[in-house]
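We're numbering straight along the sequence, starting at 1.
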Amino acid sequence: QVQLVESGGGLVQAGGSLRLSCAASGRTFNLVVRGWFRQAPGKEREFVAAIHWRGGGAYYGDSVKGRFTISSDIAKNTVDLQMDSLKPEDTATYYCASGTRYGMYDYWGKGTQVTVSS
């Protein structure tokens, strides 16, 4: 089994920063793509960022481009999301996901809450 666990969420004022981390365990060898999604109350799930596990290019949703940075640490088997210049509209539950290719996510974490105040 594969398990993904997010951490690092919290409450921050607009303009502040947070760093989320996703730790993976289990049989993750074939999980090439790691990504982050978010879902705000009353809204559909939104793509945030994704990265190739072994150092491929990073992809970002338009709403976070230029503010968020995704990175991976192969040794630690983690993927991080550095969030800068946070806005109230970034408030959501953030989920870590992993799959065999971009756009195909087979495993999901339980999420971590990010709240950005005005």
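Annotation: salt bridge (Lys or Arg N to Asp or Glu O under 4.0 Å) contacts involving residues 93-118, sequence neighbours excluded, are absent. Within the structure, salt bridge (Lys or Arg N to Asp or Glu O under 4.0 Å) pairs that include any residue of residues 11-22 comprise Arg19-Asp80 (at least two apart or interchain). For residues 1-17, the set of pairs meeting the salt bridge (Lys or Arg N to Asp or Glu O under 4.0 Å) definition, not counting sequence neighbours, is empty. Listed by first and then second residue, the salt bridge (Lys or Arg N to Asp or Glu O under 4.0 Å) pairs involving residues 59-79 are Asp62-Lys65, Arg67-Asp90 (not counting sequence neighbours).
Looking at residues two or more places apart in sequence or on another chain, you find no side chain to side chain donor-acceptor pair (under 3.5 Å) involving Thr112. Residues passing the side chain to side chain donor-acceptor pair (under 3.5 Å) test with Asp84, sequence neighbours excluded: Ser17, Gln82. Among residues two or more places apart in sequence or in another chain, the side chain to side chain contact (heavy atoms under 4.5 Å, CB included) test is passed with Val114 by Leu18, Leu20, Met83, Tyr94, Val116. Here Ser7 pairs with Ser21 under the side chain to side chain contact (heavy atoms under 4.5 Å, CB included) rule; sequence neighbours left out. Considering only residues two or more places apart in sequence or on other chains, Gln3 meets the side chain to side chain donor-acceptor pair (under 3.5 Å) condition with none of them. Partners of Thr115 under the side chain to side chain contact (heavy atoms under 4.5 Å, CB included) rule, at least two apart in sequence or in another chain, are Leu11, Thr91, Gln113.
With values rounded to the nearest 0.5 angstrom, Thr78 atom OG1 is found 11.5 Å from Leu4 atom CG. Between Trp108 atom CH2 and Cys96 atom SG the span is 9.0 Å, to the nearest 0.5 Å.
One hydrophobic cluster, built from ILVMFWY side chains closer than 4.5 Å, holds both Trp36 and Val12. Clustering ILVMFWY residues whenever any of their side-chain heavy atoms sit less than 4.5 angstrom apart, transitively, puts Tyr95 in a cluster other than the one holding Val64. Linking Ile, Leu, Val, Met, Phe, Trp and Tyr residues whenever their side-chain heavy atoms come within less than 4.5 Å places Phe37 and Tyr59 in a single cluster. The hydrophobic clustering, which links ILVMFWY residues whose side-chain heavy atoms are closer than 4.5 Å, places Tyr105 and Ile70 apart. In terms of hydrophobic clustering, with Ile, Leu, Val, Met, Phe, Trp and Tyr side chains grouped at heavy-atom distances under 4.5 Å, Val79 and Val32 are assigned to different clusters.
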Side-chain donor-acceptor contacts of residues 43-51 below 3.5 Å, not counting sequence neighbours, with atom names and distances?
{"residue": "Glu46", "atom": "OE1", "partner": "Arg38", "partner atom": "NE", "Å": "2.8"}
{"residue": "Glu46", "atom": "OE1", "partner": "Arg38", "partner atom": "NH2", "Å": "3.2"}
{"residue": "Glu46", "atom": "OE2", "partner": "Ser63", "partner atom": "OG", "Å": "2.8"}

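Residue Val33 comes nearest to Tyr102 through the heavy atom pair CG2-N, 3.3 Å, listed as atom of the first residue, atom of the second, then distance. Here the closest heavy-atom approach between residue Pro88 and residue Ser118 is recorded as CG-OG, 3.8 Å.
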